[in-house]
2 protein chains.
Amino acid sequence: MMRGQPVDMDLAQRADLFQHALGFQGLSQEQIAQIAGLAFGRRFAKGEIIFEPNLPCRFFYLVARGLAKVYICSPSGMRLTYLLANRGEPLNLIGPFTGTPRFLSAEAMEEAVVAHVRRQDFLRFASQHPAVVVNIISILGRAIDSANSRIVDLVEKRVEQRLVRVLFTLLAKFGTEINLTSSELAELAGTTTESTLRTMARLRRLGIIASGRGQVKIIQPASLKKLHSDPLWV
Amino acid sequence: MMRGQPVDMDLAQRADLFQHALGFQGLSQEQIAQIAGLAFGRRFAKGEIIFEPNLPCRFFYLVARGLAKVYICSPSGMRLTYLLANRGEPLNLIGPFTGTPRFLSAEAMEEAVVAHVRRQDFLRFASQHPAVVVNIISILGRAIDSANSRIVDLVEKRVEQRLVRVLFTLLAKFGTEINLTSSELAELAGTTTESTLRTMARLRRLGIIASGRGQVKIIQPASLKKLHSDPLWV
DNA sequence: GCCGGACTATGACCGCGGTCATAGAACCAA
DNA sequence: TTGGTTCTATGACCGCGGTCATAGTCCGGC
C-alpha cells in the first residue's frame with residue numbers, strides 16, 4: 001500500500017533533487033535524468049506514516065522537502081529514532097535491494113514531500129550504475145558505524161553524555177536552532193522523556209543551551225563539544 | 001601491515017572455501033575459481049590480532065578454519081563483540097569498498113586460517129559481479145538489523161534477557177555446546193563478567209544450562225527459547 | 001472565550017546492575 | 001611440585017536512571 005498524497009514535481013525539480021542527493025554523487029546529467037524520470041513525489045502531513053514495518057519493500061524513498069524520521073518500534077512500545085532525513089537523504093537503502101520486510105517505520109516530522117522510485121526500477125538503475133552501489137555500500141558502512149557507536153554509548157555512557165552527543169550531532173545537521181521536543185530527543189538518545197528534561201535543565205543551568213516548547217538553542221557549541229569529547233581523553 | 005603467518009592453501013581448497021562462503025552464493029565455477037585465484041591464506045594463533053582499527057583497509061578477509069571475532073574497543077577499554085565468524089564467514093565487508101579506516105578489530109579465538117584478497121583485486125572482482133554486491137548489501141542489511149535489535153535490547157531489556165538472547169543465537173550457530181568464557185559472553189551481551197556469572201548461576205539453578213570452565217551446555221533449548229521470546233507476546 | 005491535549009518541569013521512590021573485594025578452582029609452564 | 005594466570009563464584013555497596021505522580025504552561029480547535 002502506498003501512503004501520502006500525489007504531488008506534482010516536474011522533471012527539472014526531480015533532477016535537481018537527485019543531483020544533490022546522498023548516494024547519487026558523481027553521476028552524469030543523463031544518468032541523473034534517468035533516475036529522476038523514474039521518480040514521482042508524494043506529500044505527507046506532519047505525523048503521517050510514510051512506510052510501516054513488516055511489509056515487503058515496494059519503493060525507494062528520498063526526501064525532497066521537509067523532515068522525516070525512520071524509527072524502530074519495539075514490541076513493548078518504546079520508540080527509537082534511527083535516522084532523521086532532510087532533503088536529499090534516502091529513507092531506505094536496504095529494502096530496495098532485498099525486497100524483504102524489515103523492522104523500520106518512517107513518518108513525516110513536518111509537512112514533507114518524498115520522492116518514490118518503484119523497487120524494480122531502482123534495482124535496474126542500480127545494477128547499471130556500479131558507482132551508485134558503491135556509494136550505497138559506503139553509506140551503509142556509515143550506518144553500521146553509527147549503530148555500533150550508539151551501542152558502545154548505551155553500554156558505557158550515562159544519559160547526559162548520550163544526550164550531549166545527540167545535541168552535538170543535531171548541531172551539525174540543523175545548526176544552533178533545533179526544533180525537536182524532549183520526547184523526540186529522548187528517542188534519539190535511547191532514554192526517557194523525564195531524564196531528558198532533567199538533563200536539559202542541567203545544561204540550561206550551565207548556560208550551554210536554552211530551550212523552549214519544541215525547540216532547543218545551542219548557546220555554547222564549544223562547551224557542548226568539550227562535554228561530548230571529554231571522555232575521549234580521560 | 002599484514003599479520004599472521006603464511007600458510008599453504010591449494011586452489012581447490014580455496015575454491016571449496018569460496019564455494020560455500022557467505023556472500024558468494026550463486027556464482028559459476030569459473031567465477032569461484034577467479035576469486036579463489038586471488039586469495040591466499042594466513043594462519044593465526046589463538047588470541048592473535050587479525051586486523052586493527054584506524055588503519056586503511058588493505059584486504060578482504062574470509063575465515064577458512066577456526067573461529068574469529070570482530071569487536072569494538074571503546075576508548076575506556078570496554079570491549080564489545082560485534083561478530084563471531086566461522087569458516088566461510090567474512091570479517092569485513094565495508095572496508096574493501098571504502099578503503100577508509102574503521103573502528104573494528106579482529107582476533108582469532110582459536111587457531112585459525114583466514115583467506116586474504118587484496119582490496120584492489122576484490123574491488124575489481126566485485127564490480128564485475130553485481131550479484132556479489134547485492135549479496136553483500138543484503139548481508140549488510142542483516143548486520144544493520146542486528147545492530148538495531150541490540151540497541152533496542154540495551155535500552156529496554158535487562159541483562160538476563162540479553163544474555164538469554166545471546167545464548168539462543170549461539171545455540172543456532174554452534175549447537176548445544178558453546179565454548180566461550182563468561183567474559184566473552186559478557187562482551188556479546190554488553191554487560192560485565194560478574195553480571196554474566198550471576199545470571200548463568202541463575203540459569204544453572206533453573207536447569208536450563210550447565211557450565212564449566214570456558215564452556216556452556218544448553219540443557220533445555222526449549223526453555224531458553226521461551227525465556228527469550230516471552231517478551232514478544234507479553 | 002473555554003477546554004483538551006501536548007509539552008515542560010520536578011519531586012519521590014527504588015531496583016537493576018556496575019564496581020570493588022575476596023576467594024577458590026582449574027590449567028599451564030618451568 | 002610450585003607459582004602464576006585465568007576463570008568462576010559470590011557478597012556488599014550504592015548510584016544512575018526508570019517509573020509514577022503531580023502540576024504548571026502553551027497552543028490549537030470548537
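Basis for what follows: all heavy atoms, side chains included, without hydrogens, waters or symmetry-related copies. Residue numbers begin at 1 in each chain, while the letters A, B, ... track the order of the sequences.
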Check your understanding: Within the structure shown, what part of the strands sits under 4.0 Å from A:Thr193 by heavy-atom distance: base, sugar-phosphate, or nothing?
Key -> nothing
Practice item. Tell me which of B:Ser183 and B:Arg198 sits closer to the 5' end of DNA chain D, going by the nucleotide each one is nearest to. Key: B:Ser183
Point to revise | Whether A:Gln215 side chain and A:Gly212 backbone form a donor-acceptor pair below 3.5 Å | key: no
Point to revise | N/O (side chain, B:Ser182) to phosphate O (OP1/OP2, D:dC7) under 4.0 Å | key: no
Practice item. Measure the distance from CG on B:Asn179 to P on D:dT8 and round it to the nearest whole Å. Key: 12 Å
Point to revise | For atom CG of B:Leu180 and atom P of D:dT6, their distance in whole Å | key: 18 Å
Review point. Can you name the closest pair of heavy atoms from B:Pro90 and B:Leu83 and give their distance?
Key: O-CD2, 3.7 Å
Point to revise | Criterion salt bridge (Lys or Arg N to Asp or Glu O under 4.0 Å) on A:Arg42 and A:Glu48, from CA distance to verdict | key: CA-CA 12 Å; A:Arg42 292 185 79 83; A:Glu48 198 174 350; over 6 Å; no
Review point. What is the minimum heavy-atom distance between B:Gln220 and B:Leu206, and which atoms define it?
Key: NE2-O, 4.3 Å
Review point. Want to settle it: does A:Val155 or A:Glu194 sit nearer the 5' end of DNA chain C, counting the closest nucleotide to each?
Key: A:Glu194
Review point. What is the distance, rounded to the nearest whole Å, between atom CZ of B:Arg204 and atom P of D:dC7?
Key: 16 Å
Review point. Is there a donor-acceptor contact under 3.5 Å from the side chain of B:Arg43 to the main chain of B:Glu111?
Key: no
Practice item. Say whether, by atom type as modelled, one donor and one acceptor occur between the side chain of B:Arg150 and the main chain of B:Leu188 under 3.5 angstrom. Key: yes
Revision key, fill the gap. So the contacted stretch of DNA chain C, first to last nucleotide with an atom under 4.0 Å from a non-hydrogen atom of chain A, runs from C:dG5 to C:dA12
Check your understanding: Tell me, do A:Leu224 and A:Val164 make a side-chain contact under 4.5 Å, heavy atoms counted?
Key -> yes
Check your understanding: For DNA chain C, which residues in residues 210-219 of chain B have a heavy atom at a distance below 4.0 Å?
Key -> B:Arg213
Review point. Is it true that A:His116 and A:Tyr61 have ring centroids separated by less than 6.0 Å?
Key: yes
